[in-house]
**Q** 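Attaching a single structure in structure tokens format; questions to follow.
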Amino acid sequence: MLATQQAQAFQSSLIDWFKEVGKDYPWRQTTDPWHILVSEVMLQQTQVATVLGKGFYTRFLERYPTPASISNAPEQEILSAWEGLGYYRRVRNLQKAARAICENHEGVFPTQHSEILDLPGIGQYTAGAVASFAYNQSQPLVDANVARIFSRLFDYQERVDSTAGTKQLWQWAGELVSPSQPRLYNSALMELGQQICTNKSPQCGICPVKTCCQTSDPTSLPLKKARKKTVLLDELCMLAIDQKNQTILLHKASDSARRSGMWKLPERQAHELENQPLLLQRNYAITHHKVTLYVYQAPEKIELLEDEAWQPLTSLDALPLPSPFRRALNTLLKDHFA
DNA sequence: GATACGTGGCC
DNA sequence: TGGCCAAGTAT
């Protein structure tokens, strides 16, 4: 429960601070809902520096400036545009959302929060973000930044990732969202989490809303359930290159599989590769797994398994590859043709 | 409620 | 280094 006066003080302090020091991200220079949506989906579980640093946002929107422009794009093309961002399901859902907009909304991005929320891949957070950032609607949003801020602001000693915790955060978000300047306010809230109310070293001394904050131990919050333990995995692959045809054998992940639609080196059982030369060994992490990738020289005789295909070496750049395999192949091919 | 899903940055 | 985390969503 919050007095109106306190809420207004919180909002204006935050907004004033944001006007002074807020960053000038490209998605803050547009109100095009499609552009806002693309930025929000890219930023799901992904840091600003990653999206901005390698030019994903700009490149993606040059290629797909409207929902119509992506609705008929080939799977490999959209996955390639997403290569390196991870969570590849996101770009498939983006295309599904674009198709829904074309088919159910005559190509015009919907303006109602409930309609936005109905689009594939859009949950509570993203719906609130699009409604407030694109249309300046007074809709709350809760992401990791907001959860951290509110848990500290209200010294919330319960887990934020439980049903009750989530409900509490959204209630606070709803009570505090600015009725008059929601776009600025929501931007400011997330910026505060990014710049000041950070996870490891909050800058309470220069926080614009420090007089509102109830916690005395910010780094202990928010409370969350412990993470799943990391599992070690070995991944045994082979490098098979057909010199005559200038092709390479690759495997395409099936619809239901991890990294669906992405290509990688074909896997084999240990006994099939045990007498082959080891060409490369690398560690990489994926979700809660720690994977050791071994790449062996392929045996003379190869039996093709399901979803495996010989691909021209010249097509490698255009095929969507998960980052670890992109790196591994760069190294392997450099050595191979050295 | 629990779990799967990618990757890179940080300390 | 190894573990934690980030502008979450779907199942």
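The structure presented is a predicted model; accordingly, all values stated were derived computationally and were not measured. So you know, we letter chains A, B, ... as the sequences are listed, proteins then strands, and number each from 1.
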**Q** Using a strict cut-off of less than 4.0 Å between a Lys/Arg side-chain nitrogen and an Asp/Glu carboxylate oxygen, indicate whether A:Glu191 and A:Arg28 qualify as a salt bridge.
**A** yes

**Q** A:Lys96 near the nucleic acid: base, sugar-phosphate alone, or nothing, with a heavy-atom cut-off under 4.0 Å?
**A** nothing

**Q** Return the minimal non-hydrogen interatomic distance between A:Gln139 and A:Ala131, and the atom names on each side.
**A**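 Distance-wise, the nearest heavy atoms are CG-CB, 3.8 Å.
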
**Q** What's A:Ser39 touching, base or sugar-phosphate or nothing? Going by heavy atoms closer than 4.0 Å.
**A**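 The residue A:Ser39 makes no contact with any strand.
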
**Q** Stepwise, does the salt bridge (charged side-chain N to carboxylate O under 4.0 Å, His left out) test hold for A:Lys252 with A:Glu308?
**A** CA-CA 6 Å; A:Lys252 185 183 178 186; A:Glu308 290 179 352; over 6 Å; no

**Q** What's A:Phe133 touching, base or sugar-phosphate or nothing? Going by heavy atoms closer than 4.0 Å.
**A** nothing

**Q** When the distance from CG of A:Asp161 to C1' of C:dA6 is rounded to whole Å, what number comes out?
**A** 15 Å

**Q** At under 4.0 Å between heavy atoms, what does A:Ala144 touch on the DNA or RNA strands: base, sugar-phosphate, or nothing?
**A**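 Sugar-phosphate: the residue A:Ala144, judged by heavy atoms under 4.0 Å, touches backbone atoms but no base.
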
**Q** Rounded to whole angstrom, note down the C1' distance from B:dG6 over to C:dA6.
**A**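 Each nucleotide's C1' atom is 12 Å from the other's.
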
**Q** Quick one: which of B:dT7, C:dA10, C:dA7 gets closest to the side chain of A:Glu40?
**A** C:dA7

**Q** Does the distance from a Lys or Arg side-chain N to an Asp or Glu carboxylate O, for A:Arg59 and A:Glu83, drop under 4.0 Å?
**A**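 Salt bridge flag = no for A:Glu83 with A:Arg59.
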
**Q** At their closest point, which heavy atom of A:Tyr156 faces which heavy atom of A:Leu221, and how far apart are they?
**A**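 Heavy atoms of A:Tyr156 and A:Leu221 come nearest at O-CD2, 3.4 Å.
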
**Q** Specify the residues of residues 42-49 of chain A, ordered by number, for which at least one heavy atom lies under 4.0 angstrom from an atom of DNA chain C.
**A**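 Of all residues in residues 42-49 of chain A, the ones placing a heavy atom under 4.0 Å from DNA chain C are A:Leu43, A:Gln44, A:Gln45, A:Gln47.
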
**Q** In whole Å, what is the span from the OH atom of A:Tyr87 to the P atom of B:dG8?
**A**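 Value for this atom pair: 13 Å.
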
**Q** If every non-hydrogen atom of A:Asp161 is compared with every non-hydrogen atom of A:Thr166, which pair is closest and at what distance?
**A**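 Closest heavy-atom pair between A:Asp161 and A:Thr166: C-OG1, 4.3 Å.
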
**Q** Where do A:Thr219 and A:Lys200 come nearest, in terms of heavy atoms and distance?
**A** CG2-O, 3.4 Å

**Q** For A:Asn145 and C:dC5, give me the distance from atom CG to atom P, rounded to whole Å.
**A**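 Atom-to-atom, A:Asn145 to C:dC5, this comes out as 14 Å.
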
**Q** Rounded to whole Å, please give me the gap between CZ in A:Arg90 and C1' in B:dG6.
**A** 8 Å

**Q** Name the closest nucleotide to the A:His288 side chain, picking from B:dC5, B:dA4, C:dA7.
**A** B:dA4

**Q** For A:Phe150 and A:Phe154, take the angle between the two ring planes, folded into 0 to 90°, and tell me which bin it lands in: parallel under 30, tilted 30 to 60, perpendicular over 60.
**A** perpendicular

**Q** Under 4.0 Å between any heavy atoms, over every strand shown, what does A:Gly84 touch: base, sugar-phosphate, or nothing? Just pick one.
**A**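 Sugar-phosphate, backbone atoms only, no base.
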
**Q** Would you mind classifying the nucleic acid contact of A:Arg92 as base, sugar-phosphate or nothing, using non-hydrogen atoms under 4.0 angstrom?
**A**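 A:Arg92: no heavy atom of the nucleic acid under 4.0 Å.
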
**Q** For B:dC5, does either OP1 or OP2 sit under 4.0 Å from a side-chain N or O belonging to A:Arg89?
**A**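 For B:dC5, OP1/OP2 do not have a side-chain N/O of A:Arg89 under 4.0 Å.
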
**Q** For A:Tyr88 and B:dT7, what is the distance between atoms OH and P respectively, to the nearest whole Å?
**A**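 Between P of B:dT7 and OH of A:Tyr88: 4 Å.
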
**Q** I want to verify a distance call: between C:dA7, C:dA6, B:dT3, whose nearest atom is closest to the A:Asp143 side chain?
**A**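 Looking only at heavy atoms from C-beta outward on A:Asp143, the closest nucleotide is C:dA7.
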
**Q** Any side-chain N or O of A:Arg148 under 4.0 Å from OP1/OP2 of C:dC5?
**A**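 Checking A:Arg148 against C:dC5: no side-chain N or O falls below 4.0 Å of OP1 or OP2.
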
**Q** For A:Trp27, run the ring pair (Phe, Tyr, Trp, His ring centres under 6.0 Å) check against A:Tyr57, A:Trp34, A:Phe133 and tell me which one passes.
**A** A:Tyr57

**Q** From CZ of A:Arg326 over to C1' of B:dG8, roughly how many Å is that when rounded to an integer?
**A**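 Result: 17 Å.
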
**Q** What does A:Lys54 touch in the nucleic acid at a heavy-atom separation under 4.0 angstrom: a base, only the sugar-phosphate, or nothing?
**A** sugar-phosphate

**Q** To the nearest angstrom, how far is A:Lys225 atom NZ from C:dC5 atom C1'?
**A** 15 Å

**Q** Without decimals, in angstroms, what is the distance between A:Phe56 CZ and C:dA7 P?
**A** 17 Å

**Q** Sticking with atom P, work out how far C:dC4 lies from B:dT3, rounded to a whole angstrom.
**A**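 Comparing P positions in C:dC4 and B:dT3 gives a spacing of 15 Å.
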
**Q** By the 4.0 Å heavy-atom rule, please label A:Leu141 as base, sugar-phosphate, or nothing.
**A**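 Result for A:Leu141 = nothing.
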
**Q** Which of these nucleotides, C:dA6, C:dA7, B:dG8, is closest to any side-chain atom of A:Arg28?
**A** C:dA7

**Q** Do A:His336 and A:Gln243 have a side chain donor and acceptor closer than 3.5 Å?
**A** yes

**Q** Using heavy atoms to find the nearest nucleotide of DNA chain B for A:Ser162 and A:Pro322 separately, return the residue whose nucleotide is more 5′.
**A** A:Ser162

**Q** Is a side-chain N or O of A:Arg282 found less than 3.5 angstrom from the main chain of A:Leu293, in a donor-acceptor match?
**A**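 Judged by distance alone, no pair lies under 3.5 Å.
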
**Q** If you look at every strand shown and take non-hydrogen atoms under 4.0 Å, does A:Gln194 touch a base, only sugar-phosphate, or nothing?
**A** base

**Q** Could you walk me through whether A:Glu40 and A:Arg90 satisfy the salt bridge (charged side-chain N to carboxylate O under 4.0 Å, His left out) test, starting with their C-alpha distance in whole Å, then the side-chain angles of each, then the deciding distance to 0.1 Å, before giving a yes or no?
**A** CA-CA 11 Å; A:Glu40 289 304 334; A:Arg90 292 183 290 176; over 6 Å; no

**Q** Please determine whether a side-chain nitrogen or oxygen atom of A:Ser323 lies at a distance below 4.0 Å from atom OP1 or OP2 of B:dT7.
**A** yes

**Q** Which pairs, protein N/O on one side and nucleotides 1-4 of chain C N/O on the other, fall under 3.5 Å?
**A**
{"from": "C:dG2", "atom 1": "OP2", "to": "A:Lys290", "atom 2": "NZ", "distance (Å)": "3.4"}

**Q** Return whichever of A:Tyr25 or A:Asn93 has its heavy-atom-nearest nucleotide of DNA chain C closer to the 5' end.
**A**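 The 5'-side residue here is A:Tyr25.
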
**Q** Between A:Tyr284 and A:Ala164, who's closer to the 5' end of DNA chain B by nearest nucleotide?
**A** A:Ala164

**Q** Could you tell me how far C:dA7 sits from B:dC11 if I compare only their P atoms? Round to whole Å.
**A**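 So the two P atoms sit 15 Å from each other.
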
